[in-house]
Amino acid sequence: MTNLSGMLPEFGQLALIFALLVAAVQMVVPLVGVRRGQAWLMAYARPLASAQALFLIISLVILAYCFVVDDFSVAYVAKNSNTALPTAYKISAVWGAHEGSLLLWVTMLGCWGLAVAWFSQSLPLDMVARVLSIMGMVSVGFILFTLETSNPFDRNLPSMPQEGADLNPLLQDFGLIVHPPTLYMGYVGLSVVFAFALAALLGGRLDAAWARWSRPWTIAAWVFLTLGIALGSWWAYYELGWGGWWFWDPVENASLMPWLVATALLHSLAVTEKRGLFKSWTVLLAIFAFSLSLLGTFLVRSGVLTSVHAFASDPERGVFILALLGICVGGSLLLYAIKAPTVASVGRYEWVSRESFLLLNNLLLLVAAFAILLGTLYPLIIDFMGMGKLSVGAAWFNFMFVPISVLLALVIALGAMARWKADDLKRLGSETVAAMVAAVLLGLAVPLLADGTMNWQVLLGMGISFWLIGATLLDVWKKARGRLNRIPQLGMSYLGMVLAHIGVAITIIGVTMVSNYSIEVSARMAKGDTETLGDYRFEFVDAGHIEGPNFVSDAIRFRVYDGERQIALLQPEKRRYNASGSIMTEAAIDVSLLRDVYVSMGEPLADGAWGIRLQVKPFMRWVWLGAIFMSLGGLMAMLDKRYRQRKNAPNNAVQASTAQEVTA
Amino acid sequence: MEFNSVAEFLAMGHHGLYIWLSYGLTAVIIAFNVAQPLLRRRRLLKEQAQRLRREKKHAPQA
Amino acid sequence: MSDALCFGGGVKTQLIAVVVMWQWLKQLYHRLGSPKWFYEITTGWIPWLAVLSVVGTVVGLVMGLLYAPADYLQGNSFRIIYIHVPAALLAQSAFMMMAVAGAVYLIWRMKMAAWVAKVIAPVGASFCLIALLTGAIWGKPTWGTWWVWDARLTSMLLLLFLYFGVMALQQAMESEDSAYRAGAILSLVGLVNIPIIKYSVEWWNTLHQPATLKLTEKPSMHPDMLIPLLIMIVTTYVFFALLIILRTRNEILWHERKRSWVKQILES
Amino acid sequence: MTATSGSTIIDLQARKLLCERDDRVLFEQLDVAVGNGDLLQLAGPNGAGKTTLLRLLAGLNRDYEGELLWRGEPLTDDFSAYASQRLYQGHLAAVKKALTPLENLRWLVSSWNVSDDQLWAALDEVELGGYEETACQQLSAGQQRRVALARLCVAPTPLWILDEPFTALDKAGVRWLEGRLQRQVEGGGAVIITSHHALENIASLRQLELGSTRA
Amino acid sequence: MNRAFLFIPLLGFIAMGILFWIGLGQEDKTSLPSPLIGKPFPTFILNTVESGESTNHLPQEPVLVNVWATWCPTCKAEHAFLNELAKEGVKIVGINYKDDDFKARQWLQAYGNPYLFNIADPDGKLGLELGVYGAPETFLVDSKGIIRAKHIGDLNAQVWARLQPQFEAMQ
Amino acid sequence: MSLVTATIRRDLLLAARNPGEWLNPLMFFLMVAALFPLAVDPDPTFLSKIAGGVIWVAALLATLLSLDALYKADVDDGSLEQWLASGESLYAMSLGKALVHWCISGLPLTLMAPVLGLMLALPEDAYWALILSLAVGTPVLSLLGAVGAALTAGVRSGGLLLSLLILPLYIPVLIFAASAVYHAGIGMAWNGQIGFLGAMLALALCLTPFASAAALKLNLSR
Amino acid sequence: MHPKRKKRLTLILFMVLGVGSAVGLLMYSLSQNINLFMTPTQIATGEAPVGRTIRAGGLVEPGTVVRDDSGLGVRFVVTDGQSEVTIAYDGILPDLFREGQGIVAMGKLGEDGVFVASEVLAKHDENYMPPEVQEALDKAHKDGKQALEEARY
Amino acid sequence: MKHIFLTLCLWFPLAALATVDGYKYPFDDPQDAARFEQLAQDLRCPKCQNQNLADSNAPVAVDLRDKVYELMQEGQSDDEIVGYLVDRYGDFVRYNPPFRAETVLLWFGPALVFVFGLLLLVLIRRGQKQPPKPLSAEEQARLQALKNKAKSS
């Protein structure tokens, strides 16, 4: 049947092919222009990047449309959708599985390219040309990967199922709508930084200006990454149904590693911009950050880590993506090794100086990232070396992370306060003495007030958080010279940093509290039963059935009392999805700033009783609140006027740089 | 896609001659139209640059 | 009362809007008149237009040649439409644009307009030629003849002759200014041919089919075939703009070759 | 023979005139004023722009920058009013060779109310009295020119603009023309002329040297 | 800075790449090597499926011990091959893992019985001792009752080609 | 007497003095028409079919022949310069010139046409159509031609260029006129065509003088 | 009145007159048939001249196409819905010639009322659509017609 | 099934759903309950992709949970219980890897990297380039002049 909507998947694929072609041209033409010093060739970078993004967006929109209209002739749609699926989930199902999420990945890559094309008016043309050309290379690789091994537009023809297999019920959630796009924006955003770094290496132009151009892009990607990780954690927390929020799972580790390195990069870039130092190091970090985001993609999609059991994945995909990884990372590291010596940093700093603290912070962040990498890959190494099977889990990761985070928090506060070039430990000490005292006292007070026992973990966690907050605020107060109304004049960049650092402290508080003071009970409850947990009393009110759009569920209503006062009516569910027949636990959560009350249902038992799990998790929200603070801080820093475009700059810059090209 | 093979595509259901003839002619005319201004620009820039150099040589004091 | 006030206010704001718009137009006009401004602003446009044309052509042709279904009567030969119709439309619009640019030159003596008008002629003629050639080729399988003396075809042929006439006249004139003005006059006179072309198929019951695309009506074409056609039409206009800009820039370089800003370009 | 009416105000002014031809500036910042009794001779080497300036002043060419005013108003505002007040004679005689001098003259003066008698007299004055029946193609170049110049005898316009009127005239012709110009100027009229001929004997002669601007 | 230092990241990455390459190339990365290899078969006292009589030992000869269940689709897939093996004279002892005896008997009637006998392990006690985490699993046990090898997943001709020499060496 | 009437008078006088100016095209007209029976087929039935077209093509070419000189002489001898200097309406002037041109080319052709009709075995019904179409159509040719003549007046060897410019514009006239004659010949209504020609004439009368005037001006701005 | 203004007014009047009459004439002419195109009805009512080269056209009546055994000769009936005319033609028909399709023929009307064509051209309409769609349309059309007929009885 | 697991791998840390069966393991001593909880969290479900015993509802996980409870009731220590499971399922079931020759790098790797990094920092700072000489008075003046110029333009 040839009609327009019937042809749409073909057009989607066609758009993808066009995007590939355009990306291929984008990869070559501007670089040729740079090589030959021809500005008119370089000028093609921006339109080509825009065209590529346009095609990718078209392709993604078509796939989404196929989902919306239930075109089950498309294999991917048939596997991941169902007519009864609510429309919002149909759209989010686009990135619910490998093929579509890869398409989302490349589309976002295209969109970042588009953003670079449009918001780079103040950049020299040759820089834009190099950056977009490198992004074009990455695009070519990934679009090719999509088309070759994971084409979401493959057809089920000639036999087309009448009904789709439905989206996995776990994914039928708001979380799928927001988490993957945000996270991918972060992952892919790092490609811009990567491209800037490579462009700088290629052009031999690693200077403060380069750092200033890269910084907003780095911050943008970092903000997305932060939010994406937080959203993922939040989603898993309420969707998996048993109250965990971080699992040290490869999928999470894959996102945490680039985040850590991007954070390091952020700070290193600050030094490079302000002081022209650490250039080579900054470039390496930029390469690392994107490489780790690629590595994450590889780990998750290739199947190397799915070490147990029946779902061996397509080895072709693994080989392809490994080759991509090799070309991309290997190539850039080779370039780095060859070109980095030409980049020399001039400048001095003393042992006690902001530079040193930032370096230390970089080191710690990198050690953290390395630890995760090691923990994730070690079982693999052991296995391949024939030394048996091994698991590295939360116990190990926690063991590694506690000291690193404590050190990091200490350095953060000092780094933010210290002066460039040289500072005095005495000065720092005298200025922060108040914060130190307060931190120790409060750190001691919290565990004692909580349950009357001394808990060194809590002491440490709360202590460093309070110290971080105290020292940061003291610094603000000092910089504003004791006047509140001077605070806004300190600059968006600085205030953003303050906010982000406070965010770190908030997260540490949340993590400390929730991992030390969570309480839970599993009980067998029937109608009318009550159960007490901590200060709260739970009453099983009644149980009933609910008909959802594409599921039926058993639900129980609980009244939650704090003393005699009813504080919440919670209704956990046990859903059965019609299409797949899978069972899903929907936890019910009563949220407040100081604690979460979490109720989930287990199996139905005899006599209408149910297995019930009740949890109280203090300060749960703070874990994500901290992430929100960090993102806001990043956003503020991005809005600093330093990064705003200067209108008159472009022409001069273009001419200057092209002139340079010609004479060079 | 409407065609199953390259040969079928080229044959265009026994109208291949007409279609490819018209597309070919169009391509030739378009190519000419694209090339002409580009070549002219190149020549123009070369000539004028030459002229400028000549003028500079002849009037070094200016 | 309040109504009247409102109305008054409306009129006032409208007046202000008109004045503002007029000022803006005037400014635009003055800028358009400046070759330097035109040259500089179009430098950035060229890659965009080029990419858009290439991409549009590829997309349109792939869709038109590979994906559009064959016509129920004509079979595959209708695929010529994807170059024939855009070229024919453009040939006519180009003539109108040439006439308008010529008129602008005649009335306001804007040099840029003259150059644009001069530059349109060969491009318009090329597209006219394409339309005629492809039309003739298309006629063979469809009507059974390469050429018919039908009103639409004849009037298109006249359009081509008019293009040639304008070009020849501009060539023949000794003074540049006269050449531009003569060309402008002839293109204005030749403008009468445009409605003749347009209505020829409706006034006379000829072989050529009436317009497929009408602004006011639903097109009598299946969307699968229509969308590539629309893409091709838009792309052709973009491509035309690109060609005109390229040629106009050459004219500017030539005429302004002694200005300092051109010298700067030449020296770099 | 009709004397020009002295009461007519002649006021032709050019201000900051700039003229370019083919990227070459002929003259710029040119100020000229012509009033009653003036005889302005435009001089200068070939190609200096004498004819161009003359045609500008006559209103035949509008490709200039600056101001051209007739009685304080731009020339082009009411061109026909200006045209009715001035006579223009280019270096082409505008004489049809197939027609007789009289027939030609009739056409040349057709804008003015001139009777045939006056035309006869004018032809007599330029010494073409005996050629009523002869077609102009049988006349010499000088004689053909005289046909055109004959209208100076009947022209009622106060301002004359003449381009190289002495060309092809014999000595007598030159003398006659000089006299004619002098009478025009003395009668309160004005003349603008391009000529390489020296016009020393006219008192109010002014000369405008063109082409001196060329560095 | 020494230039050689700059190559460290590259070398590190290349090493990692090689690791991944091997990982991707590994054929069977899903099976857990059993720590029980080389150790005696755990003791047990369980009933047989067929007779319901109690038993506490395996035959004193090399046997395949096959853990299976009627609820396991893969077991059904490998059953035909087990039948073939039994025909070839390979001795197979079944452990009916977390299953119902009645159903198991029906299954054996329907699909043929390649087993010498079947040990019923309804609550998975023996399975736990054997480190079983999913049916089907197959152990090679020699005449002294020592576990020599373990295979997780369905037994087919390819797997058997690998296991057969080991099995025959045990004779 | 205004300059317009004076010019019309003078040009007519010139034509009278110089009969070749209008006689030559007329002869050309006759000869071209006469060539057809010799070259194609003298069979009257065939001739009667093509007669209208042939006469019209010949008329068109003849008009074109005389157009070249329309303004050229005036430009060369300075008459046009005088015109411009006089400040009188160029619109009227162009109209007048076209009128004179029609009088010395279109009018004789119209009058001569019946004779040719006889030679070419024009069907009897078609005579009036022929005369009327020529009467309405040739002024259009003159008016349009005047534009071309004005445009090419300053061009050396502008005759060929003139044909190139003007012929495309003549074609609609030719089509309608020939169609009128043909329709008349086969006994069908031909008022529609004449109507078109009339419309063209009306439009040409009021619009072409603008173009001619503009074209004339550009010849003088030197 | 100022002479200049008077001149302008005259000009405007002249223009209005000219353009007005042109428009009038145009309207008149458009209402006339200036084509040598004859519909079968016009031929049937005797409007068309006999023995003259004219053009005739209409839809080929399905089932009326008869080909000669010997040569390329073909006869078919063309209709405009009211009247019919038989067309005889000797030559190769264009690709698009088919029953139900619009054609234009050039030729002469014979005394016998048969139009002897020297050229047959297939006319294409402005509709473009894939064959399947056309079939569907035809079917819908037929069904609709049938329904209409049934309703009448 | 394969497909669904893969899908979840993309977005979710864990591939199985929560289980709620704590009521099955009553302890008299809350400390024992905490011990049980801790053990269940540190042991890995062998069947699942990456899930501890506490959270998995795979049948094997249920069995192992039962076994752990049983062993606890027998009064075995944590090490004994873990050892029992490792004997049968291998080190794979421990989330806390044992400290052995082949895991030295795992346990000390990060610390080594940290120390190495610190050393590198020291080296880099040592190898810091000499700062440019302070500007002479004349140069200072020139710099000031340039700055002023830049400001004024």
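- Nearest heavy atoms, H/L106 versus A/G375: CD1-CA, 4.2 Å.
- Within 6.0 Å of the CZ atom in H/R35, the count of heavy atoms belonging to other residues, nucleotides or ligands exceeds 12.
- Note on A/S391, A/G393, A/S356, A/A394: by heavy-atom pairs under 4.5 Å with chain H, the leading option is A/S391.
- Not less than 6.0 angstrom separates the ring centroid of H/Y95 from the ring centroid of A/W248.
- H/W107 is listed as a side-chain neighbour of A/F399, based on a closest heavy-atom distance under 4.5 Å.
- When side chains are defined from C-beta on, A/I404 does not count as touching H/F114, because their heavy atoms never get closer than 4.5 Å.
- Here the CG-CD distance, from H/L121 to A/E355, works out to 12.5 Å after rounding to the nearest 0.5 Å.
- Screening H/L118, H/V113, H/L120 for a side-chain contact (heavy atoms from CB on, under 4.5 Å) involving A/L363 leaves a single residue, H/L118.
- If you take OH on A/Y378 and OG1 on H/T103, they are separated by 6.0 Å, rounding to the nearest 0.5 Å.
- Annotation: maximal heavy-atom pairing with chain A below 4.5 Å, among H/G117, H/A111, H/P110, occurs at H/P110.
- To the nearest 0.5 Å, atom CG of residue A/L374 and atom CG of residue H/L105 are 6.5 Å apart.
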